[in-house]
2 protein chains.
Amino acid sequence: MLLAAGQLREHRLKVTPQRLAIFHMLSNTKSHPSAEMIYNSLRETHPTMSLATVYKTLDALVKASLIQQINVGEDAFRYDANTDSHPHIICTHCHQVYDLETDELPDLKALVAEKTHFRLSHEQLYFYGTCPDCQSEIH
Amino acid sequence: MLLAAGQLREHRLKVTPQRLAIFHMLSNTKSHPSAEMIYNSLRETHPTMSLATVYKTLDALVKASLIQQINVGEDAFRYDANTDSHPHIICTHCHQVYDLETDELPDLKALVAEKTHFRLSHEQLYFYGTCPDCQSEIH
DNA sequence: CTTTCTGCAAAAAGTTTGCAGCCAA
DNA sequence: TTGGCTGCAAACTTTTTGCAGAAAG
């Protein structure tokens, strides 16, 4: 992937097959996978890659602001190639994590900054419930 | 503490000194402590209490909906005796966690439910930044 | 050729569990 | 009395780290 390689180079990160695979996989999914999920999904194509490498790569990508780490309240962190600080909605039944379009919600940052006098850097908004698919499945 | 004892009994939990101490400590702080912080702060008065007991007690209190567990994105969980699902604001400098009054923010739940067709159960809203105290300290 | 990266294994950190004895009801 | 609770130690899970060899630039 030329694009990914360029982005890595810009941050003075060496372009390795492992990094390309992880970054590429994250860029082409909407599933917000955990480190373990990434590791398992790349096992077929990269059978020698270790879980430690997945963690080190994710750490490098987060530090370079090429991906973001999110914490939906499960045991493990999830990763997202969309680096905007956008709200997520999580199905507590199937554990899928979906994006919410930012423009669908009012901007709270300015309001909170005004009320609290904090200098705000980012926010994390999570909504939990049952997704439409799981709702019909339960019935 | 009579109040706390009664709340424990209502949920068929035995009233023990350890549970009273933990519940009481959580009810009288605004600091959203972690299990470790609770353990350390009760060491003086309850030197024989183990960290495992703190975890088991917190688990029992969460299950009884007497406290809530929050996940501000740090390594460890934090606990809050305020069981309403209210937004938090976290100082990334001093790691303090503050409450935000719910009525200061618009209610997003109905809006999100309408847009996504999820059946929503709860939400977690976290704002990150530098608190006023740390802002002046840095200068 | 230098520096960074990988992959293995071991360690760390937070949390959970098994179990024997203890205590609230 | 008895079923639930405590406290200890051991286990477990996710993530981090040290290090030797491998690969990128």
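Each chain gets a letter, A, B and so on, in the order its sequence line appears, and its residues count up from 1.
Annotation: the span from A:L108 atom CG to A:K115 atom NZ amounts to 12.0 Å, rounded to 0.5 Å. Atom CG of residue A:L3 and atom CZ of residue A:F23 lie 8.5 Å apart, to the nearest 0.5 angstrom.
Counting to the nearest Å, the C1' atom of D:dA22 and the CZ atom of A:R19 are 14 Å from each other. For the pair A:L20 CG and D:dA23 P, the interatomic distance rounds to 16 Å; values are reported in whole Å. When the P atom of D:dT6 is taken as reference, atom CG of B:L58 falls 11 Å away, rounded to whole Å. Nucleotide D:dA23 holds its C1' atom 16 Å from the CE atom of A:M49, rounded to whole Å.
A 4.0 Å heavy-atom criterion places the boundary nucleotides of DNA chain C facing chain A at C:dT3 to C:dA9, written 5' to 3'.
Between B:H88 and B:Y126, the ring-plane angle classifies as parallel under the 30° and 60° cut-offs.
Checked by atom type, the side-chain pair B:H93/B:D133 shows no donor-acceptor distance below 3.5 Å. Counting only N and O atoms by type, the side chains of A:Q18 and A:H46 include no donor and acceptor under 3.5 Å apart.
Hydrophobic clustering of Ile, Leu, Val, Met, Phe, Trp and Tyr side chains at less than 4.5 Å, counting indirect connections, keeps A:Y128 apart from A:I89. A:V72 and B:L120 are assigned to two separate hydrophobic clusters, defined by single-linkage of ILVMFWY side chains at heavy-atom distances under 4.5 Å.
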Check your understanding: How far apart are the C-alpha atoms of A:L66 and A:H11, what are their side-chain angles, what is the distance that settles it, and do they pass the side chain to side chain contact (heavy atoms under 4.5 Å, CB included) test?
Key -> CA-CA 9 Å; A:L66 294 175; A:H11 291 274; 4.0 Å; yes
Point to revise | Contact state string [nucleotides 11-17 of chain D, B base, S sugar-phosphate only, - no protein heavy atom under 4.0 Å] | key: ---SBBB
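Residue order along DNA chain D, read from the 5' end via each residue's closest nucleotide, puts B:K14 first among B:Q18 and B:K14.
An OP1 or OP2 oxygen of D:dG7 is reached within less than 4.0 angstrom by a side-chain nitrogen or oxygen of B:T48.
Across all strands, B:T16 comes closer than 4.0 Å only to sugar-phosphate atoms, never to a base (heavy-atom distances).
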